[in-house]
2 protein chains.
Amino acid sequence: MPVESLARAPGAPDAVLRRLSGYAPLAPDEAALLRQVTARPVLVPARTELMRDGEAAPRPQVLLEGWACRQRLLADGRRQIIVVLLPGDLVGLDQRRRPLPFGSVTTLTPAQICEAGALRECAAASGTAQGGETGGRETGLAAALRQAREMEELWLVNQVVRLGRQTAYERVAHFLLELRERLAAVDRVQENRFTFPITQEILADALGLSVVHMNRTMQQLRRDGLVEQRATAITLRDVPALVAIADYAGAHDLP
Amino acid sequence: MPVESLARAPGAPDAVLRRLSGYAPLAPDEAALLRQVTARPVLVPARTELMRDGEAAPRPQVLLEGWACRQRLLADGRRQIIVVLLPGDLVGLDQRRRPLPFGSVTTLTPAQICEAGALRECAAASGTAQGGETGGRETGLAAALRQAREMEELWLVNQVVRLGRQTAYERVAHFLLELRERLAAVDRVQENRFTFPITQEILADALGLSVVHMNRTMQQLRRDGLVEQRATAITLRDVPALVAIADYAGAHDLP
DNA sequence: CGACTAATTGAAAGATATCAATTTAGGTGG
DNA sequence: CCACCTAAATTGATATCTTTCAATTAGTCG
């Protein structure tokens with residue numbers, strides 16, 4: 001993974017601010033808090049474990065650049081990636097009441113990470129819809145963090161449906177559309193093209209397939225003119241067709 | 001489904017109180033609130049939709065008796081059950097910031113349902129770990145509701161791993177162990193035996209299998225002496241063996 | 001140029017789905 | 001209690017989808 005891919009335009013809002021402000025309007029001091037949190041990113045290599053499985057009190061962190069995943073390993077070595085984490089995503093933000101096997105979190109590429117302890121109390125309060133104990137209105141940041149949590153649940157639901165009831169071909173189409181939508185929310189997509197920094201082995205572990213079949217499925221999508229891959233970037237050539245194939249229901253187009 | 005299976009010992013704590021008090025100690029007034037919420041259950045038939053997919057403001061409800069599920073339908077009729085809901089489970093408790101396709105909630109058997117609007121504000125506040133805006137300690141009920149939410153996330157993670165990386169045989173074993181653990185939390189298990197009121201078709205839709213293969217897999221488990229089915233009850237004959245087969249990591253280690 | 005890792009291929013085995021009956025169980029009306 | 005009805009469970013045969021195994025080819029980096 002070329003490290004340069006972690007560069008970003010100076011002055012541009014980082015992925016975390018970009019994403020959360022897309023969920024709810026943030027007050028100036030809230031935006032400032034986020035900028036402060038993301039001011040000093042730490043660069044970690046691929047395969048860094050950010051959170052151990054079953055950890056009771058994980059460190060709250062945000063992913064500024066690079067991809068990661070939550071995964072679970074079976075005793076015999078099989079691996080299932082539960083959800084892929086992208087720039088702007090939050091890790092270990094919710095306090096666990098007890099250690100449970102939610103999976104470990106590991107970087108898939110080199111990544112920029114920030115400690116985000118400052119967000120935890122706000123995330124904790126973000127359940128307080130409109131009038132909890134204080135009767136106060138929910139702050140913008142709390143609302144955004146709550147929305148972020150809801151999106152995480154949606155990704156899990158999507159993952160269940162993909163794995164349970166879709167063919168390999170459909171799964172990949174669906175997954176790519178989800179990635180596109182999520183990356184678009186942090187300005188990582190131009191004309192349906194985005195960097196795609198993971199190997200087919202990782203993709204296979206995410207979509208519950210063997211590497212070989214993953215490879216063949218990807219080739220089929222390319223042959224069908226639906227996607228195009230060059231080096232570490234991917235282009236979705238025909239989004240409507242992909243949507244039809246995957247029966248994809250995005251966050252935006254709902255009844 | 002015989003309606004009598006919905007009966008329960010008079011005076012015994014209902015499933016909701018039983019479960020939540022197992023997650024965190026409840027104050028007397030909290031327990032009273034729960035008893036009040038569950039005082040007037042409504043009996044609904046199987047296949048009742050409790051919550052529509054993408055519904056923005058679902059009614060908060062609790063499931064007192066009977067089984068239900070959250071599910072998503074694909075355009076061509078395929079169905080994936082995302083999570084099975086058991087007595088004591090909560091539905092539509094968290095306020096959604098916007099309508100998203102989290103799936104619809106439908107009863108799988110006749111069920112007793114209670115409106116639970118009274119719990120929503122408390123659930124909303126249950127993010128407030130130890131010291132949100134008020135700096136106050138989290139109440140027992142809020143802690144319990146938060147734990148309930150964490151368990152829901154765990155079930156989703158388990159479902160992803162089952163569907164993504166386990167064989168049919170392993171999936172069923174894993175699922176049965178999870179059911180046993182969850183039902184035990186509401187006193188529905190005696191000596192590894194519990195009522196099992198769903199058809200193989202439903203099971204198949206939950207585990208991402210065809211009905212025929214579901215049937216054969218179940219037969220294999222029976223032939224192997226791992227489970228025993230009589231009428232509408234199932235017995236896990238060899239839990240340690242099932243745990244080994246399924247690579248099951250439970251929340252606790254049950255008796 | 002090696003030494004890797006990732007992508008790709010071909011062939012064969014294994015798992016699961018589909019199709020089409022058939023049998024079983026439970027509930028109902030006579 | 002029996003005949004009958006329908007949903008559920010079961011079976012056998014066959015078609016598909018996926019995995020596994022074993023190489024082979026590309027691509028990257030020191």
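By convention in this document, chain letters (A, B, ...) are assigned in the order of the sequence lines, proteins followed by strands, and residues within each chain are numbered from 1.
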Return the 5'-most residue of the pair Gln229(B), Ala168(A) with respect to DNA chain D, ranking by each residue's nearest nucleotide. Gln229(B)
How many whole angstroms separate atom CZ of Arg216(A) from atom P of dT16(D)? 18 Å
Protein-nucleotide distance (Asp205(B), atom CG; dA17(C), atom P), rounded to Å: 11 Å
Count the heavy atoms belonging to other residues, nucleotides or ligands that lie under 6.0 Å from CD of Glu201(B), then report whether that count exceeds 12. no
Select one nucleotide: of dT10(D), dT19(D), dA6(C), the one nearest the side-chain heavy atoms of Leu209(A). dT19(D)
Which part of the nucleic acid, if any, lies within reach of Arg222(A) when heavy atoms closer than 4.0 Å are counted: base, sugar-phosphate only, or nothing? sugar-phosphate
Which pair of heavy atoms, one from Gln166(B) and one from Arg78(A), lies closest together, and at what distance? CA-NH1, 3.9 Å
Among dA13(D), dT10(D), dT9(C), find the nucleotide with the atom closest to the side chain of Gln219(A). dT9(C)
Could you tell me how far apart Arg47(B) (CZ) and dA8(D) (P) are, to the nearest whole angstrom? 6 Å
Rounded to whole Å, please give me the gap between CG in Leu203(B) and P in dT16(C). 15 Å
Among the nucleotides dA6(C), dA17(C), dA7(C), whichever has the atom closest to the side chain of Asn215(A) is dA7(C)
Distance in angstrom units between Leu207(A) CG and dT18(D) C1', rounded: 14 Å
Does Gln200(A) place a side-chain N or O at less than 4.0 Å from the phosphate oxygens OP1/OP2 of dT5(C)? no
Say whether Gln219(A) and Arg222(A), considering side chains only, have a donor N or O and an acceptor N or O under 3.5 Å apart. no
Surrounding CZ of Arg230(A) (heavy atoms of other residues, nucleotides or ligands, distance under 6.0 Å), is the total greater than 12? no
Could you pick out which residue, Met214(A) or Val211(B), lies toward the 5' side of DNA chain D when each is mapped onto its nearest nucleotide? Val211(B)
When the distance from CD of Glu170(B) to C1' of dT16(C) is rounded to whole Å, what number comes out? 14 Å
Is there a donor-acceptor pair under 3.5 Å between the side chain of Thr232(A) and the backbone N or O of Thr195(A)? no
Which is true for Thr199(A) with a 4.0 Å heavy-atom rule: it touches a base, it touches only sugar-phosphate, or it touches nothing? sugar-phosphate
For Arg165(A) and Val212(A), take the nucleotide of DNA chain C holding the closest heavy atom to each; which residue's nucleotide lies nearer the 5' end? Val212(A)
I need the CD-C1' distance between Gln166(B) and dT18(D), as an integer number of Å. 17 Å
Please report, rounded to the nearest Å, how far the P atom of dT5(C) is from the CD1 atom of Ile198(A). 19 Å
